[in-house]
Amino acid sequence: MGSLADKYDVVVVGGGFGGTHALHRLRGLGFSTHMFEAGAALGGIWYWNSYPGARVDTECPVYQLTDPELFKDWTWSERYPGRDELVRYFAHVAKVWDLNKDITFNSRVQKAHWNQEASQWDLLIDQSGYTFAAHATHVVFCTGFASKAYVPPFKGIQNFAGRMCHTGFWDEKIDFQDTRVAVIGTGASGVQVIQSVAPQVKYLTVFQRTPNLALPMGQKPLNKRRNDEFKRNYEQMVAKMKSTYAGFLYDFDPRKCFEVTEETRLALYEELYNKGGVYFWLGTFSDVLKNKEANDTAYKFWWEKTRARVNDPVKAEKLAPTVAPHPYGTKRVSLEQNYYECFNADNVDLVDLKVNPIETFTRTGIRTRDGTEYPVDVVVLATGFDAVTGGLTQIDIRGVDGVSIKETWSDGVKTHLGISVTGFPNMFVIYGPQAPTAFATGPSCAEAQGEFIARCLSFMREKGYASIHPTVEAELAWREHVNETAQEGLFAQTESWYFGDNIPGKPREALNYMAGMPLYKTKCRESWESGFKDWILK
Ligand code: N01
C-alpha cells in the first residue's frame with residue numbers, strides 16, 4: 001500500500017467482488033480511489049467464511065469477474081471452488097489489476113459522516129486499535145449481504161465453557177478431531193460444516209429448526225482442457241450470463257408445469273436433478289416458484305429422492321418431512337455432497353428444534369426443553385446473519401442533518417435502485433438492500449452496479465456537479481416496485497432472511513430485488529440515459 005492521501009475522489013469500503021470491481025473500474029476512469037478492507041486480504045465473504053467445507057454454490061466459470069484478462073492466466077480446479085481457492089483467485093485479481101497499492105487492509109471503517117460544508121465524507125477508520133481519518137468526495141459501501149453475524153440470544157450461552165464459533169467469523173484453530181460437536185442451524189453454512197466435520201468427530205448433534213431442501217452439488221474436478229474450453233467460449237458465455245435472471249448460463253424453462261404430461265414433467269425433473277447444482281431450483285418450469293400446485297410436484301420429486309438416502313425413518317422425516325415445511329425453493333436451497341448420508345452414521349444425531357427447542361446452554365453443553373442434556377466440546381453457530389442491511393447499519397453512517405442510516409431505515413429500507421439513499425449524498429451501495437444481491441450471482445450484480453456508479457461519477461465530472469442523491473419520489477417508487485414484484489411468486493409466503501424474518505424486530509419487507517437482473521439493468525440504464533432525472537444534482 002502507498003501512503004494515504006488527505007482526500008480521495010472515492011473511498012471503497014470492503015473488498016469482496018463489489019469492492020474489488022469498483023476499485024478497478026473507478027480508478028480506470030481516473031478517479032483517485034482507495035479501498036479500506038477489514039480483513040488481511042481481498043475476498044469479502046470468502047475471506048471471513050473459512051469454516052470447514054466452505055465452498056461456493058455457483059459453478060465455474062460463472063462465478064468470476066468477467067474481464068478476460070483475469071481468466072486468461074487462471075485455472076479453476078473444481079466445478080464449485082472451495083474457500084481457499086476463492087481467496088487465491090482474489091489475490092490473482094489484485095495482481096493482474098495491480099490493486100494492492102490502493103488498498104489498506106486490516107482497517108475497519110467505523111464512521112462515515114457527510115460533511116455538508118466541504119461536500120465530502122469524513123471517515124474514521126480503525127486499524128487494530130489505532131484510529132485515523134480519511135476523506136472522500138464519494139463513498140461506495142461494498143460491505144456484503146452477510147457481514148453482520150447473528151447469534152440468537154440463547155439462554156445461558158455465556159456459561160458454556162467449551163469452544164464456540166460463528167461460521168461467518170471462523171477461527172481456523174478449532175480442531176474437530178475426536179470431539180463432541182453441536183451444529184446449530186442448517187442453512188448453507190450449516191449444511192457445509194455438517195457434511196465436512198461428520199467424518200472427523202466423536203459425536204455430532206445437529207440442531208435443526210427448518211430442514212434445508214438441499215440438492216446434490218454434482219461437484220467434479222476441472223482439468224486444464226475443460227478450462228481451455230471455457231476460455232474459448234467465454235465471450236458467448238458472458239453474453240448469455242448477462243441475459244439471464246440471476247446471471248447463470250441457464251434460465252427457467254418457459255413451459256408451465258401442467259402444460260406437459262406427467263411423464264415429461266418427471267423426465268425434466270430427473271434431468272435437472274441429475275445435472276447437479278441449482279438447475280432443479282432455478283432451471284425448472286416457469287411457474288414452480290409461483291404456483292403452489294406446481295410447486296408441490298417439485299417438492300414430491302425432491303422428497304422421494306431425499307428419503308431414499310436416509311436409512312432411519314425418524315431422521316428421514318425430520319430432514320425431508322412428508323408435508324413440505326414451505327414451498328420448495330422459497331428459502332435458499334443449498335448444495336450438498338454427502339449431507340443426507342451423514343445422518344446414516346450412528347454418531348450423528350438430529351434434534352428437531354420445532355418440537356424440542358433449546359432451553360439453555362450449560363457449562364458443558366446444551367439442554368433441550370424435554371430435559372435432554374447434550375454434552376459438547378465445540379458449538380458451531382451456523383445461525384446466519386442480519387442479512388443485507390446489517391453490514392451497513394452496524395457502521396455509524398450519517399447523512400445530511402446527522403441522521404444515521406440505521407435511523408433512516410428503522411421502519412423499512414429506502415433506496416433508489418438499491419444503490420443510493422436520499423439524504424446521503426455521494427454515497428453508493430453495492431450488493432445491498434433492494435438490489436438483486438442474493439437473487440443474482442455475486443459478480444453479475446457487482447459488475448452491473450459498479451457500471452452504474454462509474455457512469456454516474458463520469459456524468460457528474462463532465463457536467464461539473466459536486467453532489468448527487470435520489471429524489472424522495474424516486475425512492476418511494478423504487479421501494480414500491482421492489483415490494484410489489486416480490487409478491488409475485490411464492491417467496492413472500494415463507495419466513496426467511498430474504499424478508500428480514502430471521503432477526504427479531506426487523507421490519508418485514510423484500511430485502512432483495514427479485515424481478516431479475518435483466519429488468520434491474522434496464523431500470524439502471526433508463527436512469528443514466530435520462531441524465532439522472534430521478535436524482536438531485538448540485
Ligand atoms: O445462514 P441462514 P447461513 N434457533 O440464515 C437457524 C450465503 N452463503 O450462514 O431456517 C435455532 O441461511 C436457521 O433456522 P430457520 C447464502 O446466500 C452461501 O447458512 O430460520 N436455529 C437456519 O437453519 C446463504 O443463504 C454459501 O428456521 C436458528 C440457520 O440457523 C446465506 O449466506 C455458504 C435460530 C441460519 O441459516 C446465509 O447462510 C454459506 C435460532 N434462534 C452462506 N436462528 C455458499 O455459496 C437461526 N437459526 C455455499
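All ligand and atom numbering here is 1-based and tracks the order in the structure. As a basis for the values below, the full set of heavy atoms in this structure was taken, side chains included, without hydrogen atoms, waters or symmetry mates.
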Give the residue and atom name of whichever protein heavy atom lies nearest to [atom], and the separation in Å to one decimal.
| atom | result |
| --- | --- |
| atom 7 (C) of ligand 1 | Phe145 CZ, 3.8 Å |
| atom 18 (C) of ligand 1 | Arg332 NH2, 3.4 Å |
| atom 45 (O) of ligand 1 | Asp57 N, 3.2 Å |
| atom 27 (O) of ligand 1 | Thr210 OG1, 2.5 Å |
| atom 35 (C) of ligand 1 | Ala382 O, 3.3 Å |
| atom 1 (O) of ligand 1 | Gly384 CA, 3.1 Å |
| atom 5 (O) of ligand 1 | Trp497 CD1, 3.4 Å |
| atom 11 (C) of ligand 1 | Leu353 CD1, 3.4 Å |

Is it true that Phe207 lies under 4.0 Å from ligand 1, counting heavy atoms only?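 Under 4.0 Å: no for Phe207.
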Close approach of Gln208 to ligand 1, heavy atoms, under 4.0 angstrom: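 Under 4.0 Å: no for Gln208.
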Under 3.5 Å: N/O of [X] near N/O of ligand 1:
| X | result |
| --- | --- |
| Thr186 | yes |
| Tyr150 | no |
| Phe154 | no |
| Gln192 | no |

Short side-chain donor-acceptor distance under 3.5 Å, [Y] and [X]:
| X | Y | answer |
| --- | --- | --- |
| Trp76 | Gln64 | yes |
| Tyr150 | His166 | no |
| Glu271 | Tyr279 | no |
| Ser334 | Tyr339 | no |

Any atoms of ligand 1 less than 4.0 Å from a non-hydrogen atom of [X]? List them with their elements.
| X | result |
| --- | --- |
| Lys331 | 10 (O), 15 (P), 20 (O) |
| Arg55 | 44 (C), 45 (O), 48 (C) |
| Val56 | 45 (O) |
| Phe385 | 9 (O) |
| Pro152 | 34 (C), 40 (C), 41 (N), 43 (N) |
| Thr383 | 30 (O), 35 (C), 46 (C) |
| Gly185 | 6 (C), 23 (O), 29 (C), 30 (O) |
| Tyr51 | 33 (C), 39 (C) |

List for me each residue that meets salt bridge (Lys or Arg N to Asp or Glu O under 4.0 Å) alongside Arg332, sequence neighbours excluded, and say none if there are none.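 So Arg332 forms a salt bridge (Lys or Arg N to Asp or Glu O under 4.0 Å) with Asp57.
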Of all pairs that satisfy ring-ring contact (aromatic ring centres under 6.0 Å, His included), the ones with a partner from residues 191-223, not counting sequence neighbours: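 As it turns out, the ring-ring contact (aromatic ring centres under 6.0 Å, His included) pairs with a partner in residues 191-223, which skip direct neighbours, are Phe207-Tyr374.
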Describe, in one word, how the ring planes of Tyr245 and Phe439 are oriented to each other, choosing from parallel (under 30°), tilted (30 to 60°) and perpendicular (over 60°).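 Plane angle over 60°, so perpendicular.
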Apply the test side-chain hydrogen bond (donor to acceptor under 3.5 Å, both in side chains) to residues Asn233 and Glu229: give CA-CA distance (whole Å), side-chain angles for both, the deciding distance (0.1 Å), then the verdict. CA-CA 6 Å; Asn233 300 319; Glu229 266 169 43; 5.9 Å; no
What's the verdict on salt bridge (charged side-chain N to carboxylate O under 4.0 Å, His left out) for Glu451 and Arg25, showing C-alpha distance, side-chain angles and the deciding distance? CA-CA 8 Å; Glu451 186 55 28; Arg25 183 78 178 89; 2.8 Å; yes
Pair Phe71 + Trp74: ring centers closer than 6.0 Å: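 Between Phe71 and Trp74, the centre distance exceeds or equals 6.0 Å.
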Using the ring-ring contact (aromatic ring centres under 6.0 Å, His included) definition, which of the options Phe145, Tyr63, Tyr431, Trp46 pairs with Phe17?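 Exactly one option meets the ring-ring contact (aromatic ring centres under 6.0 Å, His included) with Phe17, and it is Tyr63.
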Lys/Arg N to Asp/Glu carboxylate O, Asp377 vs Lys202, below 4.0 Å: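 Judged by the 4.0 Å cut-off on N to carboxylate O distance, Asp377 and Lys202 do not form a salt bridge.
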For Asp370, look at atom CG and say whether over 12 heavy atoms of other residues, nucleotides or ligands are found less than 6.0 Å away.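 Counting other residues, nucleotides and ligands, CG of Asp370 exceeds 12 neighbours.
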Between the candidates Ala149, Ser189, Gly168, which shows the shortest non-hydrogen contact distance to atom 19 (O) of ligand 1?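 Residue with the shortest heavy-atom distance to the ligand atom: Ser189.
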Ignoring hydrogens, just give me the one of Arg209, His166, Arg83 whose non-hydrogen atom is nearest atom 47 (N) of ligand 1.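 Ranked by closest heavy atom to atom 47 (N) of ligand 1, first place is Arg209.
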Taking Glu78 as the fixed residue, which of Arg226, Lys220, Arg55, Arg83 is the one that meets the salt bridge (charged side-chain N to carboxylate O under 4.0 Å, His left out) rule?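 Testing each of Arg226, Lys220, Arg55, Arg83 against Glu78, the sole residue satisfying salt bridge (charged side-chain N to carboxylate O under 4.0 Å, His left out) is Arg55.
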